[in-house]
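Order of the sequence lines fixes the chain letters, A, B, ..., with proteins taken first and strands second; residue numbering starts at 1 for each chain.
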Amino acid sequence: MSGRAYDEVMELALRRGFYFPSCEIYDGAPAGFWDYGPLGNALKNRYVEAWRRYVVRYDGMVELDGSVIMAKDVFVASGHLESFADPITRCLRCGSVFRADRLLQEKTGKIVPERLPDSEIYAMILREGVRCPSCGGELSEVTRFNMMFRVSVGGEGAEAYLRPETCQSLFIDFLRVYKIGWSRFPLPLCQFGKSFRNEISPRQGLLRLREFYQAEVEVLFDPEDDLDERRWARLKDHRLRLAHDGESVTEITAEEAVREGLVPMRIEAYYLALIQRFYEIIGIDRTRIRLRRLGEDEKPFYARESWDLEVQTSLGWVELVACNYRGDYDLSGHMRVSGKDLTAYNRGRKFVPHVFELSMGVDRSVYVLLEHNLTSDGRRRVLRLPPFLAPVQVAVLPLVDRDGLPEKAMEVYEALRIDFDAVYEADDTIGKRYRMLDEIGVPFCVTVDYQTLQDDTVTVRDRDTTRQERVPVSELKAWLSRALSYPDVR
RNA sequence: GCGGCCGUAGUCUAGCCUGGUAGGACGUGGGCCUGCCACGCCCAAGGUCCCGGGUUCAAAUCCCGGCGGCCGCACCA
């Protein structure tokens, strides 16, 4: 696992301002927090806009924005207070920490029930004589480490938590959203926003953060009513890259996957196709994408079936999207704890909606976009982002910094700067400017030369081919709009 | 959290083993030059050598602790 590409992305991120450590002027700042600089923020925003286009609007989803701090009861209902913490024991001699239940199972072969109280687990450790696998030392009592950040709210210090996933507000807000008119199923709710997890050892830059962006889709549906034909027709022929047991990938259309039982329901196959296609559109090499079905021991506590959309990187396969069939776990839980009725009405029948979710890691996706698109042929280093994702869309350059060219170039820049993310660059030789702009993925460079002063045309240089085309200044805006437009999908 | 390696201007790095308070490259600012793909010239700014403590006449260099980074284990909704 060579991390060379990772190191190159990291160096570029620091030097050109894509992202960098949070609070970095202070010593002792905790790990797992990163800030987006000007370019990274722009890239992240474009990624989210693409998501809105190819996932949210394409499917007719309903986007909400919930609060980050949520009441304790939310996480009683969601199971996070109980299940988001693992029973832990530590070695009293060497300090190593172990999952108590797994250690017991490994050493004794006995299954440790998930709900067993900590004191019982500890009693088992003593009874079975289990000791530290590293040094043979004695093990401590069993404790829990919850990965949620606890906060206290108001003068009373009411117990609340930073959400560990964005989706809980979608489940909770469902009641109101449903009542005020969004009452057709399937009902895909979605949200882009921050989540927080107190990871034990955050690592690898944007790949594992304690504060991070998610873009989550929670499709609420009637379990007796599989996907409508209108949606199904759109993506049933898309070829899914399904990974079974480990490595081998089978390419199979969504329709065949359902027919052959590889994916149980149409609604799952459809949304798996939707999300895989999204990553293909934004420029991730599809041969480096797989949808891996998780085994029983890997699934989150609330999931009935899980697929991870994974992408191959220099650090191995990275999970970008968790796709989970959550059943009625969430709404039933919130009904039980809140006492509110979250059933819906469809075709003369009351039911608790089931949920299929697409939980996307935004920061990880941004990282993968950088790593997959950063190319180097020895002389030239180019960030080959699709033009519609580029943080800077166009640069305006006077060929030389004299003879009236800068004035004319500035005029061109002024005409573009509101409609596009444009920069003006006059320093250094023209070749050097092209190189600097290639590195941050600027897809088009508009150069004002001596001919411009004669006939009011400029050259537009293509980042990927370095070829230049002469375009009248009067047509520049239309030319760029076309070149920067989103690819069409039906 | 455990173990290994590591932490020097914005970035990459020399120096560390064999203590004597830092040198380069790129980048940045200014000037010159420049008719299209980083190769030009001149000048300048920029360093708490991660932080704290210890040893020493003297610490970037040796020792301890902390923080951070990478890798492995563990964990990963």
Which of these nucleotides, B/rA38, B/rG72, B/rC76, is closest to any side-chain atom of A/E199?
B/rC76
Checking B/rU28, B/rG35, B/rC70 against the side chain of A/L399 (C-beta onward), the nearest is B/rG35
Whether A/R197 engages the ring of A/F212 as a cation-pi pair (distance to the six-membered ring centre under 6.0 angstrom, angle to the ring normal within 45°) should be assessed.
no
Could you check which of B/rC39, B/rG68, B/rA74 has an atom nearest any side-chain atom of A/A31?
B/rG68
Closest to the side chain of A/T447, out of B/rA38, B/rC75, B/rC36, is B/rC36
Per A/Q468 side chain, nearest of listed nucleotides B/rG72, B/rC39, B/rC37:
B/rC37
Separation of B/rU34 atom C1' from A/R433 atom CZ, nearest Å, is 10 Å
Is any NZ, NE, NH1 or NH2 atom of the basic residue among A/E8 and A/R15 found under 4.0 Å from an Asp or Glu carboxylate oxygen of the other?
no
Measure the distance between the ring centre of A/Y434 and the centre of the six-membered base ring of B/rA38, then answer whether it is under 5.5 Å with planes under 30°.
no
Member of A/E475, A/R470, A/E469 meeting the side chain to side chain donor-acceptor pair (under 3.5 Å) criterion with A/T457:
A/R470
Carboxylate-amine/guanidinium proximity below 4.0 Å for A/E310 and A/R292:
yes
Where the side chain of A/T459 is defined as all heavy atoms beyond and including C-beta, which of B/rC36, B/rG27, B/rA74 is the nearest nucleotide?
B/rC36
